[in-house]
Amino acid sequence: MTETAIDLASLPRRIHEYVDRWAEQTPDATAVAEPDGRTLTFAQLREASRSLAQALAGNGVRGGDRVLIINENSIVAVTALFAASRLDA
């Protein structure tokens, strides 16, 4: 059996950092898809979550704050999750 060492320090610390990495590597790949056919690419998800993070920050949300996301599983919910991660909230 071969063991593979993983350098944990090189892994993203927050979930949105994965999206940023994927947006750089495969910007046009589908990141989120809904049953009705609506989709977001990794680049679109990165931009949407950045925009929402700016709006949240403008409304006083800061790192360490709790952000409640009430929505069914959807593009909106995923975008909100990554936006909150961007603020470390």
Side-chain angles (χ1 to χ4, degrees):
M1 181 161 82
T2 304
E3 290 188 33
T4 303
I6 297 174
D7 179 12
L8 296 179
S10 70
L11 295 176
R13 189 176 70 83
R14 296 179 292 178
I15 190 81
H16 79 272
E17 294 170 347
Y18 285 99
V19 172
D20 290 346
R21 183 180 286 181
W22 293 326
E24 291 300 320
Q25 294 173 359
T26 57
D28 297 325
T30 300
V32 183
E34 292 193 352
D36 65 5
R38 290 183 294 163
T39 63
L40 280 184
T41 65
F42 282 106
Q44 291 169 323
L45 178 57
R46 176 180 56 190
E47 293 312 310
S49 65
R50 284 179 177 171
S51 179
L52 182 54
Q54 288 177 340
L56 290 170
N59 282 295
V61 176
R62 301 286 180 257
D65 287 352
R66 294 181 180 176
V67 176
L68 177 63
I69 301 168
I70 301 176
N71 199 310
E72 57 190 45
N73 292 338
S74 66
I75 288 174
V76 172
V78 172
T79 301
L81 173 71
F82 290 117
S85 172
R86 288 184 182 286
L87 297 174
D88 213 11

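Numbering of residues begins at 1 and proceeds along the displayed sequence.
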Shared hydrophobic cluster, I75 / I15 (ILVMFWY, side-chain heavy atoms < 4.5 Å):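 Yes, I75 and I15 fall within the same hydrophobic cluster.
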Single-linkage hydrophobic cluster V19~V67, side-chain heavy atoms < 4.5 angstrom: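 No, V19 does not connect to V67 through the hydrophobic network.
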Pairwise ring pair (Phe, Tyr, Trp, His ring centres under 6.0 Å) hits with a residue in [range], at least two apart:
range	answer
residues 62-81	none
residues 64-89	none
residues 36-78	W22-F42

Write down the atom of [X], the atom of [Y], and the distance for their closest heavy-atom approach.
X	Y	value
A77	N71	CB-CB, 4.1 Å
A83	S49	CB-O, 3.5 Å
T39	A33	CG2-CB, 3.9 Å

Approximate separation, where rounding is to 0.5 Å, of N59 CG and Q54 CD: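 One finds 12.5 Å between CG of N59 and CD of Q54.
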Point-to-point distance, once rounded to the nearest 0.5 Å, from CG of L45 to NE2 of H16: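 Going from the CG atom of L45 to the NE2 atom of H16 covers 11.5 Å.
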Any side-chain heavy-atom pair of L56 and L52 under 4.5 Å: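 Yes. Closest side-chain heavy atoms under 4.5 Å.
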By salt bridge (charged side-chain N to carboxylate O under 4.0 Å, His left out) - contacts of D36 (at least two apart):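 Listed in chain order: R38.
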Salt bridge flag under 4.0 Å for residues D20 and R86: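 Result for this pair is yes, salt bridge flagged.
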Pairs where residues 59-81 contributes a residue and the test salt bridge (Lys or Arg N to Asp or Glu O under 4.0 Å) is met, not counting sequence neighbours: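 Of all non-adjacent pairs touching residues 59-81, none passes salt bridge (Lys or Arg N to Asp or Glu O under 4.0 Å).
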Of all pairs that satisfy salt bridge (Lys or Arg N to Asp or Glu O under 4.0 Å), the ones with a partner from residues 23-32, not counting sequence neighbours: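 Qualifying pairs, neighbours excluded: E24-R46.
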Option from I69, L40, V32 for which side-chain contact (heavy atoms from CB on, under 4.5 Å) with V78 holds: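 Exactly one pass, corresponding to V32.
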